[in-house]
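I have placed the structure first, in the form of structure tokens, so that the comments after it can refer back to it.
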Amino acid sequence: MSHETKCMVQGCENRVHAKGYCRKHYGQIWRKGKIYTQKDAGSGKKAGVKTAHRDDTDRMRALERELRRAEMMYKNVIGFEGRLKWRREIVEVKKEMTRLGMPIPLPETGQTTPMSLAGSF
């Protein structure tokens with residue numbers, strides 16, 4: 001059984017993320033149940049501009065949520081294989097965020113750093 005490395009959507013050259021789709025198309029199926037076409041993206045002249053900005057904002061928020069979830073799962077999962085899986089997910093999400101030019105947020109651990117502990121003694 002061979003594994004496809006490209007998204008199964010015609011004309012898409014992105015790497016497969018899940019179920020034969022890249023992150024973009026898998027997210028579209030997961031959110032709306034269908035893959036958007038260019039015609040769906042902008043029905044009017046002004047709507048096309050607003051949709052593009054909203055899509056970028058939604059994409060950034062979705063990636064931030066995905067990163068927080070992966071970091072939480074990495075912290076809470078037991079076992080080497082589970083931690084490895086979530087670590088890979090964190091790395092992939094950070095790569096995608098970097099590719100889009102987004103700042104990568106610091107992990108929210110709630111723990112104090114060694115530098116802050118030094119002053120308390």
Side-chain angles (χ1 to χ4, degrees):
M1 181 176 180
S2 67
H3 295 283
E4 294 183 35
T5 57
K6 302 287 182 192
C7 182
M8 71 166 103
V9 174
Q10 185 177 5
C12 181
E13 295 295 321
N14 295 331
R15 230 176 65 200
V16 168
H17 169 66
K19 299 184 181 181
Y21 296 101
C22 65
R23 280 186 187 280
K24 173 183 164 185
H25 292 115
Y26 182 74
Q28 289 176 359
I29 291 171
W30 188 80
R31 284 187 303 277
K32 297 290 183 179
K34 67 177 188 172
I35 295 175
Y36 306 123
T37 61
Q38 291 288 43
K39 188 169 48 172
D40 295 337
S43 57
K45 291 179 183 177
K46 289 189 177 180
V49 174
K50 289 182 181 179
T51 303
H53 176 63
R54 187 175 64 223
D55 287 345
D56 291 344
T57 305
D58 290 345
R59 175 102 172 128
M60 286 189 255
R61 288 182 185 152
L63 283 170
E64 288 170 353
R65 280 192 310 267
E66 195 172 338
L67 181 62
R68 280 194 308 266
R69 178 176 173 265
E71 287 172 342
M72 181 194 67
M73 292 300 292
Y74 176 78
K75 188 172 72 172
N76 294 325
V77 75
I78 297 173
F80 177 74
E81 292 84 8
R83 289 182 69 90
L84 186 60
K85 171 192 169 197
W86 288 107
R87 184 66 192 151
R88 286 181 183 147
E89 182 70 15
I90 290 169
V91 169
E92 287 297 317
V93 172
K94 285 183 178 180
K95 275 188 203 175
E96 183 71 12
M97 291 173 87
T98 302
R99 188 180 72 79
L100 294 173
M102 294 174 53
I104 298 174
L106 296 173
E108 298 174 13
T109 59
Q111 298 175 348
T112 56
T113 61
M115 292 301 286
S116 64
L117 290 175
S120 65
F121 291 105

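All values reported here derive from a predicted model rather than from experimental measurement.
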Nearest heavy-atom approach of G82 to V77 is C-CG1, 3.6 Å
Should M72 and W86 be regarded as members of a common hydrophobic cluster, given that ILVMFWY residues are connected when their side-chain heavy atoms come within less than 4.5 Å of each other, either directly or indirectly? yes
Step-by-step side-chain contact (heavy atoms from CB on, under 4.5 Å) determination, L67 to I90: CA-CA 6 Å; L67 181 62; I90 290 169; 3.9 Å; yes
Please report the shortest heavy-atom distance between Y26 and Y21, naming the atom on each side. N-CB, 3.7 Å
Given side chains that start at C-beta, do those of M102 and R59 come closer than 4.5 Å, heavy atoms only? no
Check the hydrophobic clustering (I, L, V, M, F, W, Y; side-chain heavy atoms under 4.5 Å; chains of links allowed) and say if L84 and M73 are grouped together. no
Of all the heavy-atom pairs spanning A70 and E89, show the shortest one and how long it is. CB-CG, 3.9 Å
Quick check: do K95 and E92 have side-chain heavy atoms less than 4.5 Å from each other? yes
Stepwise side-chain contact (heavy atoms from CB on, under 4.5 Å) check, E96 with E66: CA-CA 11 Å; E96 183 71 12; E66 195 172 338; over 6 Å; no
How close do L63 and V93 get, heavy atom to heavy atom, and via which atoms? O-CG1, 3.6 Å
For M97 and P103 the tightest heavy-atom approach is CE-O, 3.8 Å
NZ (K24) and SG (C7) are apart, to the nearest 0.5 Å, by 9.0 Å
Is there a path of hydrophobic side-chain contacts, each under 4.5 Å between heavy atoms of I, L, V, M, F, W or Y residues, that connects M8 with I29? yes
Check whether any side-chain N or O of R15 sits under 3.5 Å from a backbone N or O of K6 as a donor-acceptor pair, and report yes or no. no
